[in-house]
Amino acid sequence: LGGREYDLVILSDHGMTPSASYRVLYGETLGKTVERILDGDAALRGGPSLSMQASFSDTSEYADVGPQVVDVVAQISPPSQRTFRRGLGHLRDWLRSRYGLRELILPEKYRVEQNHDVVVTYSSCLALLYFADDPKPLDLADIARDPRRANLYLGLLNHPGVGLLGTRSGPAVHLESTIGRAIIVDGHLEVIDGRNPLENYQTGELVVRAVEHLVSQANTGDVTIFGAYDGYEIVSFDDQIGAHGAAGGNQLHPFLIGPEHLHLDKARIEDARDIHSTLMTRYAATALR
């Protein structure tokens, strides 16, 4: 209408996979599971447990939704209803004062401090576990050499809410589930015991390379934990009914919609960084013509 030609391109940053809450299914958070395994191992061995301490974030994506709703109701209430508005203000402040205490509202996070031997943090259906008593990134051999670390690894591996564990293993990435083990080197996956542990999560080239890239990063957890996936529903470590951020289901599949003349259907987009070049090279070609 303004006499200018614009293209509208719509991007979704991810898809979604139906999910079930780990806490609801198993009666405890992932952090409590880790703590329970550590304490049980220490009791059996008669030695000290690796320590961890819980904290809660007040900057969660959904942390302030409740108070904001109450605040909006107060703002649209007639000025004459002062008592009602004042009561809503007290309710808003009360809700905010309870954040950090209620697992239903805020996702549990564990913070890194010098006196914490184990740190676990998660978002949706992906979790990262660090053995913070060692400053360097650890690989599977380092974990296996310490009985306390090895017992925690095995405890998580056999937990029904955990579907896959990823660790560094020299130049390779090691993947393990209850059905088998595999290694990934330069995008190539080789099953070394049992069946492909990625079997339930999809085994396409893009998934394999994405998992390898994630697990091999220096600042990734010493153990990368994927929620269990049955082909339809995935276990989420946060209280969510739809998950994204890991492998498994439609969470892997974002979409890009644009004008037909851009021929986006012929583009090869394998990484978020490909989007800029995919779009801008088309406009550069148009400008040159």
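Note that these values count all heavy atoms, side chains included, but never hydrogens, waters or copies made by symmetry.
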**Study point:** Pairwise side-chain contact, Val118 with Phe131, heavy-atom cut-off 4.5 Å (strictly under)
**Key:** yes
Review point. Is the backbone N or O of Leu128 less than 3.5 Å from a side-chain atom of Thr121, with the two atoms forming a donor-acceptor pair by type?
Key: no
**Study point:** Derivation of the side chain to side chain contact (heavy atoms under 4.5 Å, CB included) call for Asp13 and His244
**Key:** CA-CA 10 Å; Asp13 58 342; His244 67 89; 5.6 Å; no
Review point. Parallel, tilted or perpendicular: which describes the rings of His159 and Tyr22, with under 30° parallel and over 60° perpendicular?
Key: parallel
Review point. What distance separates Tyr232 OH from Thr17 OG1, expressed to the nearest 0.5 Å?
Key: 10.0 Å
Practice item. Look only at the side chain of Ser77 and the backbone of Val73, and say whether a donor-acceptor pair between them is shorter than 3.5 Å. Key: yes
Study note, to complete from the structure: With Tyr153 as partner, the option from Asp146, Ile143, Leu129 fulfilling side chain to side chain contact (heavy atoms under 4.5 Å, CB included) is Ile143
Point to revise | Ser169 side-chain N/O to Leu140 backbone N/O, donor-acceptor pair under 3.5 Å | key: no
Practice item. For His174 and Asp139, test the side chains for any donor-to-acceptor distance below 3.5 angstrom and give the result as yes or no. Key: no
Review point. Which residues, ordered by chain and number, are linked to Met16 in its hydrophobic cluster, where ILVMFWY side chains connect at heavy-atom gaps below 4.5 Å, directly or through other members?
Key: none
Check your understanding: Tyr130 versus Leu138: any side-chain heavy-atom pair under 4.5 Å?
Key -> no
Review point. Any donor-acceptor pair under 3.5 Å linking the side chain of Arg181 with the backbone of Glu176?
Key: no
Practice item. Step through the shown structure and confirm whether more than 12 heavy atoms of other residues, nucleotides or ligands are within 6.0 Å of CD1 on Ile241. Key: no
Point to revise | Over 12 foreign heavy atoms within 6.0 Å of CG, Asp186 | key: no
Revision key, fill the gap. d(Glu233 CD, Cys125 SG) to nearest 0.5 Å is 11.5 Å
Check your understanding: Minimum heavy-atom separation for Gly242 to Ser19, with atom names?
Key -> N-OG, 3.2 Å
Study note, to complete from the structure: Closest heavy-atom pair, Ala20 versus Leu25, reported as atoms and distance to 0.1 Å, is CB-CD1, 3.8 Å
Revision key, fill the gap. One should read off an interatomic distance between Ile225 CD1 and Phe237 CZ, to the nearest 0.5 angstrom, of 6.0 Å
Point to revise | Closest approach of Ser236 to Ala243 (non-hydrogen atoms, all atoms of both residues) | key: CB-CB, 4.5 Å
Review point. Does atom NE2 of His261 have more than 12 heavy-atom neighbours, drawn from other residues, nucleotides or ligands, at distances under 6.0 Å?
Key: yes
Point to revise | Lys/Arg N to Asp/Glu carboxylate O, Asp238 vs Arg23, below 4.0 Å | key: no
**Study point:** Rounded distance (nearest 0.5 Å) linking atom CG of Leu91 with atom CZ of Arg86
**Key:** 14.5 Å
Check your understanding: Taking 4.0 angstrom as the limit, do Glu212 and Arg209 come out as a salt bridge?
Key -> no
Review point. Do Ile269 and Leu256 have side-chain heavy atoms sitting under 4.5 Å apart?
Key: yes
Exercise for review: Quick one: closest heavy-atom pair of Thr278 and Thr281, and the distance?
Suggested key: O-OG1, 3.4 Å
Practice item. Please go through Ile234's hydrophobic cluster and name the other residues, only I, L, V, M, F, W, Y counting, with side-chain heavy atoms under 4.5 Å joining them. Key: Leu126, Leu164, Val173, Leu175, Ile184, Leu189, Val191, Leu198, Tyr201, Val207, Val208, Val211, Leu214, Val215, Phe226, Tyr229, Leu252
Check your understanding: Taking only residues at least two apart or on different chains, which pairs with a member in residues 245-260 satisfy side chain to side chain donor-acceptor pair (under 3.5 Å)?
Key -> none
Exercise for review: Would you give the length of the straight line joining atom CZ of Arg282 to atom CG of Leu264, rounded to the nearest 0.5 angstrom?
Suggested key: 5.5 Å
Study note, to complete from the structure: Heavy-atom nearest pair, Pro197 first then Gly180, reads CB-O, 3.6 Å
Practice item. Measure the spacing between CG of Asp222 and CG of Leu165 and express it to the nearest 0.5 Å. Key: 12.5 Å
Practice item. State, with a plain yes or no, whether a side-chain heavy atom of Pro259 is found less than 4.5 Å away from one of Val9. Key: yes
Review point. How about Asp133 and Arg149: do any of their side-chain heavy atoms sit closer than 4.5 Å?
Key: yes
